[in-house]
Protein chains: 2
Amino acid sequence: MDKSKIPHVVVSRLPIYLRALEHAQQEGLTCISSQELSERLGVSAAQIRKDLSMFGEYGKQGRGYPVAALADALRRHLQVDKVWDVVLVGVGDLGHALARYKGFTHRGFRIAMAFDRDPEKIGTQAGDLIVEDIRTLARRVQEAGIKIGMIATPAAAAQEVANMLVFAGVKAILNYAPIHLTVPDDVRVEYLDPVIPLQRMTYYL
Amino acid sequence: MDKSKIPHVVVSRLPIYLRALEHAQQEGLTCISSQELSERLGVSAAQIRKDLSMFGEYGKQGRGYPVAALADALRRHLQVDKVWDVVLVGVGDLGHALARYKGFTHRGFRIAMAFDRDPEKIGTQAGDLIVEDIRTLARRVQEAGIKIGMIATPAAAAQEVANMLVFAGVKAILNYAPIHLTVPDDVRVEYLDPVIPLQRMTYYL
DNA sequence: GCGTTGTTGTGCAAATTGGCACAAACAAGA
DNA sequence: TCTTGTTTGTGCCAATTTGCACAACAACGC
Ligand SMILES: NC(=O)c1ccc[n+]([C@@H]2O[C@H](COP(=O)([O-])OP(=O)(O)OC[C@H]3O[C@@H](n4cnc5c(N)ncnc54)[C@H](O)[C@@H]3O)[C@@H](O)[C@H]2O)c1
Ligand SMILES: NC(=O)c1ccc[n+]([C@@H]2O[C@H](COP(=O)([O-])OP(=O)(O)OC[C@H]3O[C@@H](n4cnc5c(N)ncnc54)[C@H](O)[C@@H]3O)[C@@H](O)[C@H]2O)c1
């Protein structure tokens with residue numbers, strides 16, 4: 001159960017398991033077997049059992065896993081049993097969609113602030129938020145103690161924005177811009193460029 | 001060079017390499033070493049060399065890889081040396097952003113049609129496209145021979161939409177809805193749920 | 001021409017990851 | 001209480017994936 005001993009591949013599957021469990025719960029299931037989960041997920045049942053067993057013995061032989069309890073446990077391990085404040089930078093087409101997206105809060109995230117550089121955008125509404133001036137980012141984010149950032153600016157601005165976020169104390173960045181970011185070792189970056197998965201698929205077409 | 005012999009992990013890194021090469025080319029570089037690429041990508045130099053060597057000997061000892069030629073080769077292998085038509089389903093906030101996004105075409109993709117179920121949406125403009133009625137999807141997609149689909153509907157509709165796409169002959173689906181899709185073996189699905197990478201990061205915070 | 005520097009492609013070893021198969025545990029029904 | 005049917009957790013092995021290290025090669029300066 002030592003955090004540093006759990007391989008990243010395993011951690012990276014946990015959110016998938018959690019999402020499936022939440023769906024199962026909505027359907028009213030109280031108990032679910034690794035077999036059943038496997039079919040809903042495309043991950044082998046043995047894999048699921050082995051992954052989950054690294055965090056404790058949640059399953060009951062003959063019955064499967066208690067859906068609600070397991071989901072709670074996963075949320076605790078992933079630390080999404082609370083809601084994280086997130087800062088959004090770049091409120092263009094994509095940033096707007098993100099600001100208005102309702103799917104974050106009940107899964108552990110809330111966009112708490114949004115910043116842009118364009119004077120036309122600053123002061124306007126995006127979702128429930130007022131777009132703020134990028135020049136005030138460092139202070140605002142630092143004061144609020146925000147640890148997670150989302151970048152939805154053009155690629156040309158992304159590294160500069162990342163630097164600002166890091167300076168402001170952000171430790172995790174979700175980057176929508178199609179460019180690799182260079183950040184200190186203690187900051188994590190995940191990428192969401194839709195062209196990458198598209199090109200992965202065309203290889204096989 | 002036999003397609004089926006190249007491991008998927010390797011294929012999945014190719015689009016990353018291609019993106020980095022395109023950036024390097026824009027900066028005017030004509031030659032780039034695995035070392036240099038490694039720093040821009042966060043993938044080890046040995047890994048890059050080994051991956052690329054599976055597709056042929058593009059590098060020159062002492063100099064590195066010729067940027068333009070290697071990018072061309074990768075585009076050929078990924079089959080993005082042409083532009084694929086893509087069908088978009090669900091033109092809400094996210095679908096709108098996707099329809100207006102300019103970043104697809106020069107990387108091998110063009111949203112050729114967009115469909116929605118909402119009568120309010122049908123007939124309206126989204127980017128350069130007119131939103132069409134979902135009930136006409138099968139015929140339109142089949143006739144156009146489109147092989148790639150993007151789903152940006154709510155999760156509740158995603159599986160049904162996927163079924164329609166498969167029926168219409170689509171072989172690759174990019175799914176933005178936060179739900180696992182069940183499709184025939186010859187159809188590929190990639191997922192883009194932003195909460196998944198966010199939760200992957202909070203584990204370590 | 002020749003040493004120096006830099007870089008690839010690759011054989012091999014190490015590490016990681018995934019899958020099989022089964023004992024142990026539990027539920028339920030007779 | 002015993003039997004039957006399920007399903008977990010895990011030891012062990014196979015496969016995949018990564019990293020190391022070096023010979024082979026190319027350019028360059030002198
Ligand atoms: N639109 C999409 O569907 C989509 C899809 C995938 C990826 N992306 C990527 O997401 C990013 C945003 O895309 P978009 O379509 O919303 O672009 P956009 O041009 O509509 O919006 C970009 C926003 O960033 C702001 N900005 C620019 N420089 C900034 C800076 N230094 N600091 C703060 N704000 C700054 C701009 O003022 C603008 O509001 C791009 O990198 C794009 O490649 C977009
Ligand atoms: N908005 C975001 O930033 C964002 C981010 C990540 C993921 N997502 C996911 O993307 C999807 C779309 O998000 P959104 O914010 O654009 O939602 P939205 O409600 O704004 O848009 C959904 C659209 O899908 C259409 N639709 C519904 N059922 C349909 C059907 N059966 N066939 C065709 N069209 C149908 C609706 O009419 C609507 O136009 C959701 O699954 C959401 O979870 C959105």
Which residues within residues 185-193 of chain B lie with some heavy atom under 4.0 Å of an atom in DNA chain C?
none
Where protein sits on nucleotides 24-30 of chain D, one letter per nucleotide: B base, S sugar-phosphate only, - none, heavy atoms under 4.0 Å:
BBSS---
Would a distance-only check, ignoring hydrogens and angles, find a side-chain to backbone donor-acceptor pair under 3.5 Å from A:Gln199 to B:Arg107?
yes
Taking only residues two or more places apart in sequence, or in another chain, which ones meet A:Asp81 in a salt bridge (charged side-chain N to carboxylate O under 4.0 Å, His left out)?
none
What does the list of N/O pairs under 3.5 Å between the protein and nucleotides 17-20 of chain D look like, with a distance for each?
unit_1	atom_1	unit_2	atom_2	d
D:dT18	OP1	B:Arg13	NH1	3.1
D:dT18	OP2	B:Arg13	NH1	3.3
D:dT18	OP2	B:Arg13	NH2	3.0
D:dT18	OP2	B:Gln47	NE2	3.3
D:dT18	O5'	B:Gln47	OE1	3.4
D:dG19	OP2	B:Ser44	OG	3.3
D:dG19	O6	B:Lys50	NZ	2.2

Candidate list B:Ser44, B:Ser38, B:Ser34, test side chain to side chain donor-acceptor pair (under 3.5 Å), partner B:Arg49, passing option
B:Ser34
On a heavy-atom basis, the closest approach of B:Leu37 and B:Ala20 is CD2-CB, 3.9 Å
Verify the contact: side-chain N or O of A:Tyr58 to OP1 or OP2 of D:dT7, cut-off strictly under 4.0 Å; return yes or no.
no
Output yes when a side-chain donor or acceptor of A:Thr202 lies under 3.5 Å from a complementary backbone atom of B:Leu78, and no otherwise.
yes
Atom CZ of B:Phe55 and atom P of C:dT10 are separated, to the nearest Å, by 14 Å
Output all residues satisfying side-chain contact (heavy atoms from CB on, under 4.5 Å) with A:Leu29, sequence neighbours left out; order by chain, then residue number.
A:Ala24, A:Glu27, A:Ile32, A:Arg40, A:Val67
OP1 or OP2 of C:dT8 sitting under 4.0 Å from any side-chain N/O of B:Ser34?
yes
How close or far is atom P of C:dT7 from atom CD of B:Glu39, stated in whole angstroms?
10 Å
Taking all atoms of both residues into account, what is the closest heavy-atom pair of B:Leu98 and B:Ala152, and its distance?
CD1-CB, 4.4 Å
With sequence neighbours excluded, residues passing side-chain contact (heavy atoms from CB on, under 4.5 Å) with A:Thr136:
A:Phe115, A:Glu132, A:Asp133, A:Arg139, A:Arg140
Answer yes if the ring centres of B:Tyr58 and B:Phe55 are under 6.0 angstrom apart, and no otherwise.
no
Between B:Glu22 and B:Ala71 (side chain of the first, backbone of the second, donor and acceptor by atom type, cut-off under 3.5 Å), is there such a pair?
no
